[in-house]
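The structure presented is a predicted model; accordingly, all values stated were derived computationally and were not measured. Convention: sequence-line order gives letters A, B, ...; per-chain numbering from 1.
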Amino acid sequence: MKPRLRFAPSPSGYLHIGGARTALFNWLWARQQGGTFVLRVEDTDQERSSLESVRAILDAFRWLGLDWDEGPEVGGPYGPYFQSERKELYREATERLIREGKAYRCYCTKEELDRAREELKAKNPKAAFVYPGTCRERRDEPDLPFVVRFKTPREGSTDFVDRVFGTIRTPNAAQQDFVLVRTDGYPLYNLAATIDDHEMNITLVARARDHIGNTPQQILLYRAFGWEPPEFAHLPMMLSPKGEKLSKRHASVSVQDYRDRGYPPMGVLNYIVRFGWSLGDQEIFSLKELIENFSWDRVNKSDGKFDEKKFADVAFEHLKREDLMPLPEYAERVRPFLEKRGLTNVPEERLRAAIPGIRERARTFVDAAHDLDYYFRDPPELDEKARAKFLTREAAAHLAGLRDALAGVEPWEAAALEAKTKEWAEAKGLTMKDFAQAARVALTGRSASPPLFEVMAVLGREQTLARLARGTELAG
RNA sequence: GGCCCCAUCGUCUAGCGGUUAGGACAUCGGCCUCUCACGCCGGUAACGCGGGUUCGAUUCCCGCUGGGGUCGCCA
């Protein structure tokens with residue numbers, strides 16, 4: 001049977017980097033096995049859910065290159081894929097549970113419970129409040145607001161075999177009568193997710209380890225409904241560099257942050273997949289390799305801490321290597337970052353000529369756009385420190401001489417330019433060190449750039465000669 | 001605190017009874033060099049502790065310690 005996997009985000013913010021990791025594992029397995037990847041929007045919390053968040057999450061998925069077979073925008077045979085549109089299903093299921101004595105109405109108010117929770121906390125800060133079961137055996141049905149609670153068995157234990165963690169056993173006595181339906185009639189996570197995973201025929205639920213505690217509750221529900229539970233696979237946590245749960249307080253937890261900071265999507269994917277999954281000593285993977293090699297038995301159990309430096313390096317590999325990011329794609333992806341610098345009419349041909357020289361230097365597209373700037377801004381912006389240091393009176397003569405020497409070079413290519421320059425320098429008794437930095441500042445406005453002759457080749461004869469001339473003036 | 005889970009360099013990890021404990025990032029030296037990078041060479045750096053099992057434990061079992069998760073009318 002082809003597996004059906006799902007990722008079920010709550011649209012109450014952006015796509016979290018940890019969520020992206022979970023989605024990726026699900027997606028990889030679905031793609032490798034020829035299964036189905038479903039996106040389901042868990043918007044049962046009216047207060048926190050927004051359409052704007054749905055859009056942001058879908059955009060993040062698109063940017064990462066993770067497509068979904070069923071879900072928002074594409075539909076599918078198990079829809080609707082928004083839980084807010086499936087209320088009738090939950091209502092019927094809940095009524096059945098109540099009718100069969102497996103769930104009950106609880107009239108305790110949130111205020112009462114909160115007060116009890118606080119009182120307990122005041123007495124013993126470490127103790128956890130457990131719902132005392134006040135309404136568990138209640139027979140009357142007063143005309144008051146109520147929630148529906150699950151009647152958790154008091155005896156026995158609920159066990160399941162996790163694909164990553166193995167057998168996990170939870171004593172039922174440790175579970176309380178958890179709430180299934182809110183006062184407002186909306187279902188809670190455990191109820192809605194269980195019903196949907198069953199109705200949508202999900203075969204494997206893979207999610208982060210912080211859901212391990214929900215699993216027994218969900219299994220209890222599957223049993224109460226008489227359904228066969230899916231398989232479960234829990235993933236170790238991605239923690240902050242300090243080892244805390246990743247939250248908004250930490251830098252860049254949302255996927256769009258990484259996009260905006262100029263990282264390539266595959267760099268993000270490659271880094272996060274290594275949280276919990278590995279294949280021998282291999283560090284860098286293409287998407288294709290991930291799809292081919294992903295397996296649950298290579299997923300480990302221990303949590304990992306996010307390391308910004310390592311991430312930057314992995315992302316850099318994906319920018320640097322032509323085999324991982326072909327030139328046309330690089331050009332397309334860097335354009336928005338050039339536009340942010342005001343460079344809007346960038347000719348494709350020159351862009352492609354310039355990229356090979358800068359891609360091994362730029363660690364992000366933000367850096368790349370910066371490094372590309374002088375190719376598309378004429379005259380280039382001049383770094384004053386570089387000017388003061390290198391465009392000296394002595395340099396003026398060198399620049400003028402170099403300009404004249406290069407004026408007639410044919411063909412206008414790096415090798416010919418280099419040969420001619422060296423010939424000129426030798427005749428003058430100069431070495432590259434004597435004039436290279438001055439020439440660099442004249443050509444690029446900066447003290448750091450790709451090798452001079454590559455810069456000249458991209459700039460072309462006209463601009464090269466003009467900039468050398470202008471450099472002569474500035475120096476003199 | 002109850003329940004659940006985890007434990008190899010600073011970080012991500014390989015290892016699945018016998019290895020000089022490997023790789024990557026970071027870090028420290030050096031090389032290359034027209035700058036900045038890239039690249040290359042080399043160094044420092046880990047099996048948390050205590051019991052077992054075994055001829056032999058990083059590896060299997062138990063305890064301790066440490067870390068994390070969870071205990072909502074959030075998901």
Side-chain angles (χ1 to χ4, degrees), chain A residues 8-12 19 42-45 47-49 106 108-110 113-114 117 124-131 145-149 162 165-166 168-171 173-176 178-184 186-190 192-193 207-216 234 236-237 239 241 243-245 271 274-284 300-314 316-317 320 357-363 367 371 386 390 418 421 425 431-441 444 446-453:
Chain A
S10 160
S12 56
E42 309 226 323
D43 57 349
T44 55
D45 189 331
E47 308 244 323
R48 303 183 205 196
S49 300
C106 169
C108 301
T109 66
K110 190 169 193 315
L113 262 20
D114 285 348
R117 232 187 297 269
N124 182 354
K126 299 258 179 142
F129 175 76
V130 176
Y131 174 68
F146 62 87
V147 299
V148 179
R149 284 182 187 273
D162 189 276
F165 288 93
I168 292 177
R169 160 166 299 184
T170 308
Q175 306 274 14
Q176 47 181 319
F178 52 94
V179 176
L180 262 18
V181 181
R182 297 177 172 80
T183 312
D184 67 7
Y186 270 82
L188 249 19
Y189 169 69
N190 280 130
R207 72 240 294 199
R209 204 193 85 221
D210 53 353
H211 282 282
I212 272 187
N214 287 130
T215 311
H234 288 89
M237 303 288 287
L239 304 171
E244 312 158 292
K245 194 167 173 172
Y271 181 67
R274 295 295 323 287
F275 271 86
W277 181 84
S278 62
L279 185 68
D281 285 342
Q282 188 169 351
E283 298 283 348
I284 303 301
N300 68 218
K301 303 184 240 228
S302 44
D303 298 337
K305 298 173 191 165
F306 195 95
D307 187 83
E308 192 73 36
K309 291 251 183 60
K310 174 85 174 186
F311 163 68
D313 182 74
V314 171
F316 185 31
E317 285 293 321
K320 200 164 50 186
I358 62 96
R359 70 186 295 170
E360 69 195 27
R361 299 173 161 69
R363 301 180 75 83
D367 290 349
D371 292 354
F390 296 112
E418 179 163 6
T421 300
T431 68
M432 285 290 288
K433 279 193 195 305
D434 295 321
F435 60 89
Q437 282 303 79
R440 190 181 316 282
V441 176
T444 70
R446 308 181 184 165
S447 55
S449 82
L452 283 180
F453 309 107

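- Across the P atoms, B:C9 and B:G67 are found 15 Å apart, a figure rounded to whole Å.
- Taking a pair to require two hydrogen-bonding distances under 3.5 Å in either a Watson-Crick or a G-U wobble arrangement, B:A7 pairs with B:U65.
- Checking A:Ala174 against A:Cys108, the closest nucleotide of RNA chain B that is more toward the 5' end is the one next to A:Ala174.
- Spacing between atom CH2 of A:Trp277 and atom C1' of B:A14 amounts to 13 Å, rounded to whole angstrom units.
- When heavy atoms are screened at a 4.0 angstrom cut-off, A:Val179 is found touching the sugar-phosphate backbone but no base atom.
- Taking the ring-ring contact (aromatic ring centres under 6.0 Å, His included) definition, one finds that A:Phe390 meets it with nothing, sequence neighbours left out.
- In this view, A:Lys301 satisfies the side-chain hydrogen bond (donor to acceptor under 3.5 Å, both in side chains) rule with no residue, not counting sequence neighbours.
- The base of B:G23 is not paired with the side chain of A:Gln282 by any donor and acceptor separated by under 3.5 Å.
- Here the nucleotide nearest the side chain of A:Ser10, chosen from B:C73, B:A75, B:U11, is B:A75.
- Here A:Thr215 pairs with A:Arg207, A:His234 under the side-chain hydrogen bond (donor to acceptor under 3.5 Å, both in side chains) rule; sequence neighbours left out.
- When every heavy atom of A:Thr44 is checked against every heavy atom of A:Tyr186, the shortest pair comes out as O-CD2, 3.4 Å.
- Judged by distance alone, with hydrogens and angles left aside, A:Arg361 brings no side-chain donor or acceptor close enough to the base of B:C38 to form a pair under 3.5 Å.
- Using C1' as the reference atom, B:G10 and B:C28 are 14 Å apart when rounded to the nearest Å.
- Separating the C1' atom of B:G68 from that of B:U59 is a span of 23 Å, rounded to the nearest Å.
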What string of B, S and - do you get for nucleotides 63-70 of chain B, 5' to 3', when a contact is any protein heavy atom under 4.0 Å?
-> -----BSS
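- Place A:Arg48 and A:Lys320 on RNA chain B by their nearest nucleotides, and A:Lys320 ends up nearer the 5' end.
- Checked against ring-ring contact (aromatic ring centres under 6.0 Å, His included), A:Phe275 has the following partners two or more places apart in sequence or in another chain: A:Tyr271.
- Taking the C1' atoms as reference points, B:C49 lies 14 Å from B:U58, given to the whole Å.
- Look at A:Lys301 and you won't find any side-chain N or O under 4.0 angstrom from OP1 or OP2 of B:C5.
- Here B:U53 sits opposite no nucleotide as a Watson-Crick or G-U wobble pair (both hydrogen-bonding atom distances under 3.5 Å).
- Residue A:Ser278 is classed as a sugar-phosphate contact, given heavy-atom separations below 4.0 Å to backbone atoms only.
- Of all nucleotides present, only B:C71 satisfies the Watson-Crick or G-U wobble test against B:G1, with each distance under 3.5 Å.
- Here, B:C55 and B:G63 have their C1' atoms 26 Å apart, quoted to the whole Å.
- Remark: A:Lys245 engages A:Asp210 in a salt bridge (charged side-chain N to carboxylate O under 4.0 Å, His left out) (not counting sequence neighbours).
- One interatomic measurement links the two molecules: CG of A:Asp434 to P of B:U35, which rounds to 12 Å at whole-angstrom precision.
- Going from the C1' atom of B:C40 to that of B:U54 covers 46 Å, rounded to whole Å.
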Between protein and nucleic acid, restricted to nucleotides 25-28 of chain B and to nitrogen or oxygen atoms under 3.5 Å apart, what atom pairs and distances do you find?
unit_1: B:C25; atom_1: O2'; unit_2: A:Lys310; atom_2: N; d: 3.3

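- A heavy-atom distance below 4.5 Å is not found between the side chains of A:Asp367 and A:Arg361.
- Within the structure, a side-chain polar atom (N or O) of A:Arg117 is placed less than 4.0 Å from OP1 or OP2 of B:C73.
- Base pairing analysis places B:C40 opposite B:G30; the two distances defining the Watson-Crick or G-U wobble pair are each below 3.5 Å.
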Name the pairs: protein N/O against N/O of nucleotides 57-61 of chain B, kept only if under 3.5 Å.
none

Contacts under 3.5 Å, N or O only, protein and nucleotides 31-34 of chain B:
unit_1: B:C34; atom_1: O2; unit_2: A:Arg440; atom_2: NH2; d: 2.3
unit_1: B:C34; atom_1: N3; unit_2: A:Leu452; atom_2: N; d: 3.4

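- One cannot find a donor-acceptor pair under 3.5 Å joining the base of B:C3 and the side-chain atoms of A:Thr170.
- Legend: residues meeting salt bridge (charged side-chain N to carboxylate O under 4.0 Å, His left out) with A:Arg446, ordered by chain and number and at least two apart, are absent.
- Listed by chain and number, the residues in a side-chain contact (heavy atoms from CB on, under 4.5 Å) with A:Lys320 are A:Phe316, A:Glu317, A:Glu360 (sequence neighbours excluded).
- Between A:Ser49 and A:Asp43, the shortest heavy-atom distance links the atoms OG-CA, 3.4 Å.
- Here A:Arg209 pairs with A:Asp303 under the side-chain hydrogen bond (donor to acceptor under 3.5 Å, both in side chains) rule; sequence neighbours left out.
- Only the C1' atoms considered, B:U27 is 8 Å distant from B:U44, to the nearest whole Å.
- Considering only side-chain N and O atoms, A:Ser302 lies nowhere under 4.0 angstrom from the phosphate OP1 or OP2 of B:C5.
- Rounded to a whole angstrom, the distance from the P atom of B:U11 to that of B:C47 is 12 Å.
- Here B:C5 is the nucleotide among B:C4, B:C73, B:C5 with the atom lying nearest to any side-chain atom of A:Phe165.
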